[in-house]
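If you read the sequence from its start, that first residue is 1, and numbering goes on from there. Just so you know, ligand 1 is whichever comes first in the structure, and atom 1 is the first atom listed for that ligand.
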Amino acid sequence: MKILKNYDLSALNTFGVPIIAKFFVEIKSESDLLELIYLSEFKNNEKLFLGGGSNILFTKDFIGIVIFNKIKGIEIIKVPMSEEVWVSTKNVGKDFVWIKAMSGEIWHDLVKFAISYNYWGIENLSLIPGTVGAAPMQNIGAYGRELKDILENVEAIDISTGEKRIFKNEECNFGYRDSIFKNDLKDKYFILSITIKLSKKENKNIEYKVLKEYIEQNNIDTSISKNISEAVSAIRRNKLPDPNVIGNAGSFFKNVFIDKNKFKELQDKYPDMPYFKDEARTSPQPELVGLEGEYKIPAGWLIEQCGWKGKRIGNVGVHDKQALVFVNHGGASGVEIKSFAEQVINSVYNKFGLKLVPEVNLI
Ligand SMILES: Cc1cc2nc3c(=O)[nH]c(=O)nc-3n(C[C@H](O)[C@H](O)[C@H](O)COP(=O)(O)OP(=O)(O)OC[C@H]3O[C@@H](n4cnc5c(N)ncnc54)[C@H](O)[C@@H]3O)c2cc1C
């Protein structure tokens with residue numbers, strides 16, 4: 001383990017913005033991390049754990065230490081659950097299986113591992129960029145599934161003491177693109193591994209409109225989880241820009257939740273406004289100018305209505321197929337992307353009275 005100085009992070013963030021980290025270190029094991037936390041470069045500096053850099057916008061050089069996570073390993077584990085019937089010593093329960101993945105693994109490699117056994121529950125989350133360790137941070141989600149639906153627990157290390165703690169699913173306070181690790185415990189824990197619980201029996205969720213249509217149009221056999229994974233991947237490849245080709249960090253903003261009154265007001269004005277009603281939604285969103293509620297309005301639609309889709313200012317633009325995704329057309333700085341985002345926030349606020357909240361972590 002070697003601590004490097006003045007390290008260029010251009011290739012390690014999917015927006016591709018040129019940024020220098022004062023210190024940079026790559027960790028390959030738990031013991032690397034436990035050794036690191038007692039070193040002065042770690043103790044005396046701001047810290048940033050970095051996975052795939054696919055949910056980060058750097059707006060200035062990072063005057064601290066970047067810890068680049070390369071801790072690998074995926075295994076099917078034995079979870080002692082009395083109601084399960086174990087048919088082999090390798091934790092093959094009757095209906096479920098538990099897989100432990102180390103945080104530096106690529107998320108989609110975990111998906112591929114699971115679907116190679118035809119396990120169920122993870123297939124809708126195919127092809128989300130980034131690492132396993134970042135997945136609980138914002139409770140990654142796509143096509144009608146979220147990490148919280150399959151997560152058993154998170155194993156994390158308190159970076160001030162080196163102590164390990166297991167967070168059960170319900171202790172992670174998962175919400176829409178949200179978790180305890182983004183809020184109360186922000187910057188306090190390093191996520192070392194996650195354990196997911198998947199179904200061995202067919203357990204599909206193909207109700208998400210776009211996915212359903214794709215499956216019907218292409219006559220896909222949905223009795224194999226790999227086929228659903230491939231359908232999701234095909235939709236994503238068609239709709240989302242590949243960060244290896246053009247810099248971006250996926251959805252820049254979260255979708256917006258509003259209450260019944262605001263919903264009614266907007267629907268009267270915009271009868272075609274798409275929405276999704278989430279009865280279970282209770283967590284407050286104080287940043288929404290006092291609003292919270294069960295009606296989810298796609299932020300991409302709000303942005304598109306303000307005329308931003310496909311629009312470009314300087315080196316930054318809104319993707320022409322998905323208005324929620326901002327792209328770096330080449331040479332954009334983090335400040336330029338941030339100021340572009342502020343213009344979008346302002347125009348959405350002026351038109352709809354709704355404040356967009358970034359999903360991307362601004363550093
Ligand atoms: C084209 C594209 C499509 C996307 N689609 C989706 C989507 O469908 N759904 C979705 O939810 N997201 C999506 N994203 C966002 C992104 O892929 C996810 O948020 C992903 O989980 C980020 O992983 P990462 O390893 O790149 O995290 P990074 O960007 O490296 O880090 C993100 C945050 O997590 C923290 N972090 C990372 N690893 C650890 C760790 N081990 N311990 C503690 N903190 C850590 C970082 O410090 C940072 O605050 C998309 C991004 C792109 C570029």
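For the 3.5 Å distance criterion, the side chains of Asn255 and Tyr176 qualify, holding a donor opposite an acceptor. Side-chain atoms of Glu155 and Ser193 form a donor-acceptor pair, as typed in the model, at a separation below 3.5 Å. Using modelled atom types, one finds a donor on one side chain and an acceptor on the other under 3.5 Å when comparing Asp178 with Asn183. There is no side-chain donor-acceptor pair under 3.5 Å between Thr59 and Lys338. When only modelled atom types and interatomic distance are considered, Trp98 and Glu152 share a side-chain donor-acceptor pair under 3.5 Å. Of the N and O atoms on the side chains of Trp308 and Ser347, at least one donor lies less than 3.5 Å from an acceptor on the other residue. Looking at Thr14 and Ser54, their side chains never bring a donor and an acceptor atom within 3.5 Å of each other.
At least one heavy atom of Arg177 sits less than 4.0 Å from an atom of ligand 1. Not close to ligand 1: Glu146, with no non-hydrogen atom less than 4.0 angstrom away.
Contacts with ligand 1 closer than 4.0 Å are made by no heavy atom of Asp242, backbone or side chain. Of all the heavy atoms of Ser54, the ones lying under 4.0 Å from any atom of ligand 1 are found in both the backbone and the side chain. Using a 4.0 Å cut-off between heavy atoms, Asn248 contacts ligand 1 through both its backbone and its side chain. Residue contacts with ligand 1 for Pro243 involve side-chain atoms from C-beta outward but no N, CA, C or O (heavy atoms, distance under 4.0 Å). By the criterion of a heavy-atom distance under 4.0 Å, the backbone of Pro241, and not its side chain, is placed next to ligand 1. At a heavy-atom cutoff of 4.0 Å, ligand 1 is contacted by the backbone of Tyr189 but not by its side chain. Contacts with ligand 1 closer than 4.0 Å are made by heavy atoms of both the backbone and the side chain of Thr131.
Of the candidates Tyr143, Trp107, Phe49, Phe49 brings a heavy atom nearest to atom 36 (N) of ligand 1. One option in Ile128, Leu57, Asn361 has a heavy atom closer to atom 32 (C) of ligand 1 than any other, and that option is Asn361. Counting heavy atoms only, Ile56 comes closest to atom 31 (O) of ligand 1 of the residues Asp187, Leu240, Leu50, Ile56. Looking at Met102, His108, Lys254, Arg236 and measuring to atom 8 (O) of ligand 1, the nearest heavy atom belongs to Arg236.
For ligand 1, the atoms sitting less than 4.0 Å from at least one non-hydrogen atom of Leu48 are 47 (O), numbered in the order shown with element in parentheses. Using a 4.0 Å cut-off to heavy atoms of Ile140, the atoms of ligand 1 that qualify are 11 (O), 18 (C), 21 (O). Residue-ligand proximity, Asn69 to ligand 1, at heavy-atom distances under 4.0 Å covers atoms 41 (N). Taking every non-hydrogen atom of Gln138 and a distance limit under 4.0 Å, the qualifying atoms of ligand 1 come out as 10 (C), 11 (O), 12 (N), 15 (C), 18 (C), 19 (O).
Of the possible donor and acceptor atoms, none in the side chain of Arg237 sits under 3.5 Å from a partner among the backbone N and O of Lys239. Here the side chain of Glu336 pairs a donor or acceptor atom with the backbone of Ser333 at under 3.5 angstrom.
Phe58 and Phe62 have perpendicular rings, their planes meeting at more than 60° on a 0 to 90° scale where under 30° would count as parallel. In this structure, Phe167 and Tyr189 have perpendicular ring planes: the angle between them is above 60°, well past the 30° mark.
Looking only at heavy atoms of the protein, atom 9 (N) of ligand 1 is closest to Gly141 O, 2.8 Å. Protein heavy atom nearest atom 42 (N) of ligand 1, with residue, atom name and distance: Ile191 N, 2.9 Å. Closest protein heavy atom to atom 50 (C) of ligand 1: Pro129 CD, 3.7 Å.
A side-chain hydrogen bond (donor to acceptor under 3.5 Å, both in side chains) check over residues 141-150, counting only residues at least two apart or in different chains, returns the pairs Asn139-Glu146, Glu146-Lys148.
At least one N/O-N/O distance between Gly52 and ligand 1 falls below 3.5 Å. Taking any N or O of Ser251, backbone or side chain, none lies under 3.5 Å from an N or O belonging to ligand 1.
The salt bridge (charged side-chain N to carboxylate O under 4.0 Å, His left out) test applied to Lys43 returns no partner, not counting sequence neighbours.
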